[in-house]
J.: 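Dropping a structure here in structure tokens format, bear with me for questions.
Proteins get letters first, then strands, A, B, ... in listed order; numbering begins at 1 in each.
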Amino acid sequence: MRFLHGAVRPLLVYLFLAWCLAPILWLVSTSLKSDVQAFSPTPVWVFTPQWGNYLNAWQEGGMSQAMLISTTVATASSVAGVICGVPLAYLVTQVWPTESKASGRVTLLILLLTTLPPILGLTPMFRTLYAAQLSQTIAGITLIHAFYAVLLAFLIFRSFLVGFPREIREAGLVDGIGEWRILGRCVIPNLVGPMFATLVLALIQSWNEFLYALILTNGATQTVPVRVSGFLSFVGTNWSNLTAAGVIGTLPIVVFALLTRKYMARGLTFGGVK
Amino acid sequence: MPKWVLGSPLILFAAIFVAYPVYQGIQTGFYGLSLQNPETLFTGLDNFGTVLTDPGFLAAAKFTVLFAVAVTVVETVLGFGLALLVNRDFPGKKVFFTMLLVPIMVAPALLGVMFRLLLNGDIGLVPAVLRTVGLDVSLFAPNTVVQLLVLLDILQWTPFAFLIMYAGLQSFPTDVLEAAQVDGAGRLRILRSIIAPIMKPIIFAALFLRLIDALRTFDVIYVLTAGGPGTKTTTMSIYIYKTAFESGQFGLAAAASTIVMLVLLPFVPLFVRRIANPDGKAR
């Protein structure tokens, strides 16, 4: 492994990075080309940026509507996820000892739901929401995303609360303050960082979700990924507008992701890696 | 306020999203429900028989498993290698980490769109470059499309495997390494006898997480090939999706979902024991 010393090591690493980022850079560059340049059979490397593509995608392409819907759905569902996830993780780690049967069962159930492919729920979920007249509505897709947000939030909060001393709760109970007060005054102040991280990870998860959004929304309620992939057929694939829409839809997520770098490994593995 | 109120979100969610859909999903499998035939007609095990003898279902199952295993192994190995490479200071390390997160954060559906542009036979960058070196191949042809999809999955998800294993390497006990070096162990020897065994749980975590995710692959392949050419790249997710929402055969789709669930269920406790207990206790 001696050859990995010196300049070779960073070179290898940067080569890998370039390989990962190249498609995204090409997307950005296409979004700034004219239609003729985007359709050129030989790649065009030098061009004057056509910012009008972004205006087209935003207005005629319906990205303004999709962005508003995605923001609503992602915000509502991730806030719901955090609000439901905190007391649940508290119940499973503090009220019940982690070693207890009840705690183990709840955790197993949630891991089960996280592990099984979402496709298995698609048909029944579609029929359930249809029966509740929530199919094709923003409320319907928000509910589904909130469900997945709760799973994510629970697993992250659990991993943080497993090592939280149970004596604090016991002292609180002796002093006669209730579970909710203990949760609010002693536990939540220690969870601010993870709560923020969970919020952002749930936002990203909802923002990028495609399978359910594809089935459970229509032209008036499409989220960003469905809208962007819709360009492929609707406009006869106007590549410059499509790529502009893609950049618009991705930018907020990338910014959010950079805000939570610190928590990423833990969040991505549902707390499995500290 | 009683204790169970703390768990009420769980009870509520379990009722809305688990109990009823599971009941309905399993029940639908026993009915001949479809868009063409909306009356619910009890057909017993017919749907299950139809699905299990459908060559499309078996082909989708086979493709899904092969695809998932291939990408999982390659991504884990590459991610581990990369984590070892990066586990030392080099210029621009912070920028590297930041940029590496980008492919993970881009919506897989959008990535599919992106690859459609890059690989487009007429206007794509990749075919154009290949033509200049004299290779005039159609990347979506039956004999290359699978390798192509594997390659694209690697491109997107190796950073994920890398991040997990890099996080693991960060908490690596360095005194063990120093002791080994003092004892004169070579680099390969250290890798094989010290780093690999200590990293085993983390490597397993990466393997399992990637496998779970790869088994459910839908977005990229659906946008890119829609399961084609023919049914060559139809994953289980795409098969069930098409059965339900393109052919309108809800009964068949529900039966297929139930079968897949029954096959996957026994593996979940394995996953739980391996990685989901950060405190390390099996239950």
J.: Counting heavy-atom pairs under 4.5 Å with chain B, which one of A:Ala80, A:Gly85, A:Pro23, A:Pro87 comes out on top?
T.: A:Pro23
J.: Taking the six-membered ring for Trp, are A:Phe210 and B:Phe218 parallel (under 30°), tilted (30 to 60°) or perpendicular (over 60°)?
T.: tilted
J.: Please state whether the side chain, the backbone, both or neither of B:Phe115 comes within less than 4.5 Å of a heavy atom of chain A.
T.: side chain
J.: Tell me, side chain or backbone of B:Tyr241 under 4.5 Å from chain A's heavy atoms, or both, or neither?
T.: both
J.: May I ask you to name which of B:Gly25, B:Pro159, B:Ser237 has the most heavy-atom pairs under 4.5 Å with chain A?
T.: B:Ser237
J.: In terms of heavy-atom proximity below 4.5 Å to chain B, should A:Leu183 be classed as side chain, backbone, both, or neither?
T.: side chain
J.: Under 4.5 Å heavy-atom distance to chain B, tell me which part of A:Ile215 shows up: side chain, backbone, both or neither.
T.: side chain
J.: Is it the backbone or the side chain of B:Tyr166 that comes under 4.5 Å from a heavy atom of chain A, or both, or neither?
T.: neither
J.: Top residue by heavy-atom pair count (under 4.5 Å) with chain A, among B:Leu110, B:Thr28, B:Leu125?
T.: B:Leu125
J.: Show the nearest heavy-atom pair for residues B:Pro103 and A:Leu21, with the distance to one decimal.
T.: CD-CD2, 4.1 Å
J.: Flag the one option from A:Pro124, A:Gly178, A:Gly249 with the top tally of heavy-atom pairs under 4.5 Å to chain B.
T.: A:Pro124
J.: Check whether any side-chain heavy atom of B:Val113 sits under 4.5 Å from a side-chain heavy atom of A:Leu242, and report yes or no.
T.: yes
J.: Under a 4.5 Å cutoff for heavy-atom pairs, which residue among B:Gln170, B:Met99, B:Gln27 has the most contacts with chain A?
T.: B:Met99
J.: Measure distances from B:Asn120 to the heavy atoms of chain A and classify the residue's part below 4.5 Å as side chain, backbone, both or neither.
T.: side chain
J.: Hey, what do you get for CD (A:Gln205) to CE (B:Met105), rounding to the nearest 0.5 Å?
T.: 11.0 Å
J.: Hey, does B:Arg116 have a side-chain heavy atom less than 4.5 Å from the side chain of A:Trp239?
T.: yes
J.: Do the side chain of B:Arg216 and the main chain of A:Thr115 share a donor and acceptor less than 3.5 angstrom apart?
T.: yes
J.: As an exercise: rank B:Ala253, B:Gly186, B:Ala109, B:Ala256 by heavy-atom pairs under 4.5 Å with chain A and give me the winner.
T.: B:Ala109
J.: Within the 4.5 Å heavy-atom criterion, are B:Leu265 and A:Leu112 side-chain neighbours or not?
T.: yes
J.: Is there a donor-acceptor contact under 3.5 Å from the side chain of B:Asp219 to the main chain of A:Leu211?
T.: no
J.: Tell me, do A:Ile253 and B:Val106 make a side-chain contact under 4.5 Å, heavy atoms counted?
T.: no
J.: Which answer fits B:Leu155, side chain, backbone, both or neither, if we ask what part of it has an atom under 4.5 Å from a heavy atom of chain A?
T.: both
J.: Quick check on A:Val13 against chain B: is it the side chain, the backbone, both or neither that has a heavy atom closer than 4.5 Å?
T.: both
J.: Can you tell which part of B:Leu82 gets under 4.5 Å to a heavy atom of chain A, answering side chain, backbone, both or neither?
T.: side chain
J.: Against chain B, work out which of A:Val86, A:Ile83, A:Leu214, A:Thr243 has the most heavy-atom pairs shorter than 4.5 Å and name it.
T.: A:Leu214
J.: Taking side chain as everything from C-beta outward and backbone as N, CA, C, O, which of these in A:Phe154 sits under 4.5 Å from a heavy atom of chain B? Side chain, backbone, both or neither.
T.: neither
J.: Looking only at heavy atoms and a cut-off of under 4.5 Å, which of A:Tyr14, A:Trp207, A:Trp19, A:Phe126 has the most pairs with chain B?
T.: A:Trp19
J.: Answer yes or no: is there a side-chain heavy-atom contact under 4.5 Å between B:Ile212 and A:Leu116?
T.: no
J.: Are any non-hydrogen side-chain atoms of B:Thr158 and A:Cys20 less than 4.5 angstrom apart?
T.: no
J.: Side chain from CB out, backbone as N, CA, C, O: work out which of these in A:Tyr90 comes under 4.5 Å of a heavy atom of chain B, or both, or neither.
T.: side chain
J.: Crowded around B:Arg131 CZ? As in, over 12 foreign heavy atoms under 6.0 Å?
T.: yes
J.: So which heavy atom on A:Ile119 is nearest to which on B:Ser257, and how close?
T.: O-OG, 4.4 Å
J.: Nearest 0.5 Å please: distance from the CG atom of B:Leu100 over to the CG atom of A:Leu17.
T.: 6.0 Å
J.: Could you tell me which portion of B:Pro127 (side chain, backbone, both or neither) has an atom closer than 4.5 angstrom to a non-hydrogen atom of chain A?
T.: neither
J.: Which one of A:Val150, A:Val254, A:Leu143, A:Val228 has the most heavy-atom pairs closer than 4.5 Å to chain B?
T.: A:Leu143
J.: Yes or no on side chain to side chain contact (heavy atoms under 4.5 Å, CB included) for A:Leu120 and B:Thr258, after CA distance, side-chain angles and deciding distance?
T.: CA-CA 7 Å; A:Leu120 302 184; B:Thr258 308; over 6 Å; no
J.: To the nearest 0.5 Å, how far apart are CE in A:Met125 and OH in B:Tyr20?
T.: 12.0 Å
J.: With a 4.5 Å cut-off on side-chain heavy atoms, are A:Pro117 and B:Leu264 touching?
T.: yes
J.: Before we go on, tell me: are the rings of B:Phe162 and A:Phe16 under 6.0 Å apart, centre to centre?
T.: no
J.: What part of B:Leu152 gets closer than 4.5 Å to chain A, counting heavy atoms only: side chain, backbone, both or neither?
T.: neither
